[in-house]
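A quick write-up on the structure given underneath.
In what follows, every heavy atom counts, from backbone to side chain, and hydrogens, waters and symmetry copies are set aside. Counting starts at 1 for both ligands and their atoms, following the listed order.
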Amino acid sequence: MLDQSIQELESRSLARIASAATLEELEAVRVDALGRKGPLAQAGKEMGKLPPEDRARIGKLLNSARQNLEQALESKKRGLDSGSLNARLDAEWLDVTLPAPGPRRGHLHPITRIQRELEDLFASLGFATLDGPEVETEYYNFDALNIPADHPARDMQDTFWLDGGNLLRTHTSPVQVRGMERLGPPLRMIAPGRVFRNESVDASHEHTFYQLEGMMIDRDVSVAHLLYFMKTLLAAIFHREVTVRLRPGYFPFVEPGFELDIQCLICGGSGCPVCKQSGWVELLPCGLVNPNVLRMSGIDPAEWNGFAFGLGLTRLVMMRYAIDDIRHLQGGDLRFLEQF
Ligand code: FA5
C-alpha cells in the first residue's frame, strides 16, 4: 500500500516538474513533494512503525523517489534559468553596429543671430567690428563723451558703480572713443555689446541688454549719410517697409542729435505694454559727432566730422520677432528659445 502511494507521488511530481513553466511553479512542486511537511518526509518519520521486514524496502523506495525528484528539479531549473536568460537577451538585444544618434545640437540665440547679420551688413559697407570692456572707467563712459561730472545727462543712465570708481558700461558709446583713439580718422566702425543700467525692469526695459554702436568719421559727412545708413540697416533687418519717425534728441556727444523711433510691430501702432501705449518704440538714437568729442580723442574737427548711432539691439530683436516682453530673451526658458 505504502509502496504504491510513494510511486504515485513520485510520478505525479515528475509530471508537474516537467510541465512547470516558471521557477516559481517549480519551487511550489519542490515544497509540496520534498518539503519538511511533505508526504515523503512524513513517510520517513513513520518508518519506525513499520514491521521490520518492510523497513529496508520502503527506505530504499523513499530514497530513490527523493533522488529522482531532486535530479528532475535540478535539470528543469537549469532549463528554466537559461530560458529566462534567452528571453532577456531577446528583449535587450541591441545592434552595436548601428550609428549613434549623436548629441542634440543647440542654435544661436536670436540676439546673437541678429548681431551677426548686422556685423556682416556693416562689414560689406566697409565698417570694422570693434570690442570694448564691459567694466569701464568713468572717463570713457562719460567724460570723453562730453558728459562732465555735474552734467544732467549722467542721471539719464542710472549706473552700476563698482569699487575704485569704475562702472559697468551704461552704453556702447565708450567704444567710439576707444576706436577714435586707436584707429584715428577716417573711421568706419561698429561695436555690438552688452550694457547695464540700474533701472526697474518691465516689458521693454532690462537691467542688462544689448546695443550696437556705429560711427563714421570722414570729410564732409552729413545728416544725409546718417539717414542712408539707418535706412539700409532697417531694410536689411526687416526685409520690408517699416514706419519710422525722426525727432530731435539730446545726447551731449552729438550735435544735432536725433531719436529714430519705429512704429511698434507688436501692436501695429495701436498701443501695448512694449510701446507704453504710444505706438512707437525708441530704437536708434543718433546724430553728428560733437566737435568736443572729436577734439578729446585727438581728431581735428576743422578737418573731420562724422555721425554716430546707438542701436537698441535687444529692442530691435523684439520688433523683428514680435516678442512682447523683453524678459523672455534672457530668462533662459528653453520653450521660448527653441522657437527660433
Ligand atoms: C544711448 O545709450 C546712447 N549712447 C545712444 C547714442 C549713441 C546716441 C551714439 C547718439 C549717438 P539711450 O539711452 O537712448 O542712448 O539708449 C539707446 C537705445 O537702447 C534705446 O533707444 C533703446 O532702444 C535701448 N535701451 C535703452 N534702455 C534700455 C533698457 N533698459 N532695456 C532695453 N533697451 C534699452
Review point. For D131, does the CG atom have more than 12 heavy-atom neighbours from other residues, nucleotides or ligands under 6.0 Å away?
Key: no
Review point. If you draw a 6.0 Å radius around CG in D163, do more than 12 non-hydrogen atoms from other residues or ligands fall strictly inside?
Key: no
Practice item. Kindly indicate whether a cation-pi arrangement holds for R320 with F238, taking the cut-offs as under 6.0 Å to the six-membered ring centre and within 45° of the axis. Key: no
Mark up the atoms of ligand 1 that fall under 4.0 Å of a heavy atom belonging to [X], in ascending order.
| X | result |
| --- | --- |
| G310 | 5 (C), 6 (C), 7 (C), 9 (C), 17 (C), 18 (C) |
| L283 | 21 (O), 23 (O) |
| E199 | 27 (N), 29 (C), 30 (N) |
| Q176 | 9 (C) |

Practice item. Would you please name every residue forming a side chain to side chain contact (heavy atoms under 4.5 Å, CB included) with R66, sequence neighbours left out? Key: L34, L40, N63, E70
Just let me know how [X] lines up against ligand 1, side chain, backbone, both or neither, with a heavy-atom cut-off below 4.0 Å.
| X | result |
| --- | --- |
| F309 | backbone |
| I326 | side chain |
| H205 | both |
| V254 | side chain |
| H207 | neither |

Any heavy atom of [X] closer to ligand 1 than 4.0 angstrom?
| X | result |
| --- | --- |
| G257 | no |
| S204 | yes |
| M215 | no |

If you measure every N/O of [X] against every N/O of ligand 1, is any gap under 3.5 Å?
| X | answer |
| --- | --- |
| S173 | yes |
| T314 | no |
| E282 | yes |

Check your understanding: Does the pair R57/D54 count as a salt bridge with the N-to-O cut at 4.0 Å?
Key -> yes
Review point. Would you call the rings of F122 and F127 parallel, tilted or perpendicular if under 30° counts as parallel and over 60° as perpendicular?
Key: perpendicular
Check your understanding: Under 30°, 30 to 60°, or over 60°: which ring-plane class applies to F336 and F340, parallel, tilted or perpendicular?
Key -> perpendicular
Review point. Knowing that exactly one of D81, L80, L73 qualifies, which makes a side-chain contact (heavy atoms from CB on, under 4.5 Å) with K77?
Key: D81
Practice item. Examine the side chains of E181 and S297 and answer whether a donor and an acceptor come within less than 3.5 Å of each other. Key: no
Who gets closest to [atom] by heavy atom: [options]?
| atom | options | answer |
| --- | --- | --- |
| atom 2 (O) of ligand 1 | R197, E213, M318 | R197 |
| atom 11 (C) of ligand 1 | G249, P174, A308 | A308 |
| atom 27 (N) of ligand 1 | F307, F209, Y210 | F209 |

**Study point:** Evaluation steps, ring pair (Phe, Tyr, Trp, His ring centres under 6.0 Å), between F258 and F309
**Key:** CA-CA 9 Å; F258 305 100; F309 63 88; over 10 Å; no
Point to revise | N305 vs I217 side-chain heavy atoms within contact, under 4.5 Å | key: no
